[in-house]
Structures are given as C-alpha cells and as structure tokens.
Amino acid sequence: MPQHHRVLLLTSAAPLVGALRDAGLESWGLRRDLCGAPDTDVAGVPPERTLTHVDPARALQELAAGDWSQHGIRHVLCAQDTDPDLLAALREVLPPLPAEEPLPLPGTGSSRVGEEAVEVCHVDTVSIDGMHLILAVDWFDAPAPGAAVLAGVREAVRSTLDVLGHESGGMRTSLALTQFGPDPVRLIRTDLRVGSFGPGTAR
C-alpha cells in the first residue's frame, strides 16, 4: 500500500480507528461544516484529520472524481449507521449490501470430520485490499485464554479469509477450540462495506 494510506470512516464503530492504526493506516473523518461550530471528533478521529464541507455528500463525489494519489484517501468505510445521503453519494464505489446467510467453509477443519464443534468465540474483522484487520474477539461467557491461544485464533481467522478469497468488507468468524487448535465453524458477512477511490470511480 502507498505511504500515508488513508481510510475515510463514515461509521462510528469504535474499534476501527485502533485497528487501522495498528495496520499502519490513517483514519480520516468527514463532517458538515457549520458556521461557528467547534471542531469535534468524528468516529474517534481527531479534528486535524477530519474533513469539513458544507455538503458532505458533494465532498464524497469530489473525492471519487479526483486523484486519490493527491488527496491520499484510497478507501472509504461505511456501515448501517452511515448517513443515507452519504451512502447514495457513494453508490458507484460501494459494493452491494452483503447477504446474511453463512458462507461455505473452505476445506475440512478438524471439528468438521468427527469432532463435535462447540463455538467458544467469534472474531469480527474488516478486510481492506486483502489485509484482514481484527476488530474484536468475543469469548462469550468464558474467560479469555492465554496469548498463545489468542494468537492461534487470529491466525486461523486470517488464514480462513485468505483461503476464501475474501478481499474487502466485514466478516464475523465463529470458532471452536479443538485438540488440533482453533477451528472456524461459521462465517457471516457483517454490514461493514469498503469502497475504493481509484481508477474508474470518476462520475
């Protein structure tokens, strides 16, 4: 990815800013420019990385029609809480809403060849250009395991998404812990959608 790769956040999902930072990406925000209004954070993004415009939807159209190598914003990330007017402005660069049905699991993991699969956690991720960012690991009611198990869970999730060919957008992966290690047993797309400001997006 280019240096100073920027991602415009149009959703308030709290873990996104930290996950992008850990991946070496810059989080940017967008808000309406109100005369006399003080600078405020947008989705955890500081004011110095918040774009202001009297018409945010128009600002998005201008970004899509511009040269991302100049403004540095390569991707935009949206979810269900994104303003409908902004989603409409991005209709040419956003993928369609994902289906809610579980995706077929690649390969045959240990828990699918005779060992009972008991889900113990799920992992929320968002993928940008094939890079899988871990947003949260939920261990349900059980205490979180040690660092080695957590590292295995993260690796199992990323490997599964790679095999699946998942390149962009949100995913929730549910896992079982087996004698062979963490094993994904269910994958469902989430509402996080990633759009690209690149060649072919000009209006």
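Numbers here simply count residues along the sequence, with the first being 1.
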### Query
Got a second to check how far Leu164's CG is from Ser159's OG, nearest 0.5 Å?
12.5 Å

## Note on the structure
Here the gap from Leu77 atom CG to Arg193 atom CZ, rounded to the nearest 0.5 Å, amounts to 10.5 Å

### Message
My understanding is that only residues two or more places apart in sequence, or in another chain, count here; which of them pass side chain to side chain contact (heavy atoms under 4.5 Å, CB included) with Ala151?
### Response
none

## Note on the structure
Nearest heavy-atom contact between Ala64 and Val93 is CB-CG1, 4.4 Å

### pair Leu20-Trp28: side-chain heavy atoms closer than 4.5 Å
no

#### Entry: From Arg49, Arg6, His5, residue fulfilling side chain to side chain donor-acceptor pair (under 3.5 Å) relative to Glu26
Arg6

### Message
Could you report the tightest heavy-atom contact between Ala89 and Ala57, atom names first, then the distance?
### Response
CB-O, 3.6 Å

### Task
Identify which one of Leu30, Val76, Leu90, Leu51 satisfies the side chain to side chain contact (heavy atoms under 4.5 Å, CB included) criterion when paired with Leu63.
Leu51

### Summary
Of all heavy-atom pairs linking Pro182 and Ala156, the shortest is O-CB, 3.9 Å

### Summary
Correct closest heavy-atom pair for Val194 and Ser168 would be CB-OG, 3.3 Å

### Task
Without swapping roles, check the side chain of Thr178 against the backbone of Gly181 for a donor-acceptor pair under 3.5 Å.
yes

### Query
Does the side chain of Leu86 come within less than 4.5 Å of Pro56's, by heavy atoms?
yes

### Message
Checking side-chain polar atoms at under 3.5 Å, does Arg189 have a donor or acceptor matched by the opposite partner on His166?
### Response
yes

### Atom pair CG/CZ of Leu192 and Arg172 - distance to nearest 0.5 Å
10.5 Å

### Task
Go through Leu150 and Val137 one step at a time and tell me if the side chain to side chain contact (heavy atoms under 4.5 Å, CB included) criterion holds.
CA-CA 9 Å; Leu150 181 57; Val137 181; 4.1 Å; yes

### Task
For Leu8 and His75, run side chain to side chain contact (heavy atoms under 4.5 Å, CB included): C-alpha distance rounded to whole Å, both residues' side-chain angles, the deciding distance at 0.1 Å, then the answer.
CA-CA 6 Å; Leu8 184 63; His75 293 96; over 6 Å; no

### Query
Do Arg74 and Ser196 come close enough that some side-chain heavy atom pair is under 4.5 Å?
yes

### Message
How long is the straight-line distance from CG of Leu175 back to SG of Cys121, given to the nearest 0.5 Å?
### Response
4.5 Å

### Message
Let me confirm one number: the CD-NE2 distance from Gln61 to His53, rounded to the nearest 0.5 Å.
### Response
9.5 Å

### Message
If you compare all heavy atoms of Trp139 against all heavy atoms of Leu177, which two are closest, and at what distance to 0.1 Å?
### Response
CZ3-CD1, 4.2 Å

### Query
Got more than 12 heavy atoms from elsewhere within 6.0 Å of CD, Glu62?
yes

### Message
Do Val123 and Val153 have side chains that approach each other closer than 4.5 Å (heavy atoms only, starting at C-beta)?
### Response
yes

### Query
Which heavy atom in Gly130 sits nearest to a heavy atom in Asp162, and how many Å separate them?
O-OD1, 4.2 Å

### Message
side chain to side chain contact (heavy atoms under 4.5 Å, CB included), that's the test. Do Val45 and Val17 meet it? Break it down for me.
### Response
CA-CA 7 Å; Val45 178; Val17 174; 4.2 Å; yes

### Query
Would you say the side-chain atoms of Thr11 and Asp81 include a donor-acceptor pair closer than 3.5 Å?
yes

### Query
Side chains of Leu25 and Ile128: closer than 4.5 Å at any heavy-atom pair?
yes

#### Entry: Under 3.5 Å: donor-acceptor pair, side chain of Thr82, backbone of Cys78
no

### Side-chain (Arg31) to main-chain (Thr52) donor-acceptor, under 3.5 angstrom
no

### Message
For a 4.5 angstrom cut-off between non-hydrogen side-chain atoms, does Met171 reach Val157?
### Response
no

#### Entry: CZ on Phe140 to NE2 on His122, rounded to 0.5 Å
5.5 Å

### Message
Please evaluate residues Leu187 and Thr160 with respect to the criterion side chain to side chain contact (heavy atoms under 4.5 Å, CB included), reporting the C-alpha separation (whole Å), side-chain torsions for both, the decisive distance (0.1 Å), and the verdict.
### Response
CA-CA 9 Å; Leu187 296 98; Thr160 299; 3.9 Å; yes

### Task
Report yes or no: do His132 and Thr125 form a side-chain donor-acceptor pair below 3.5 Å?
no

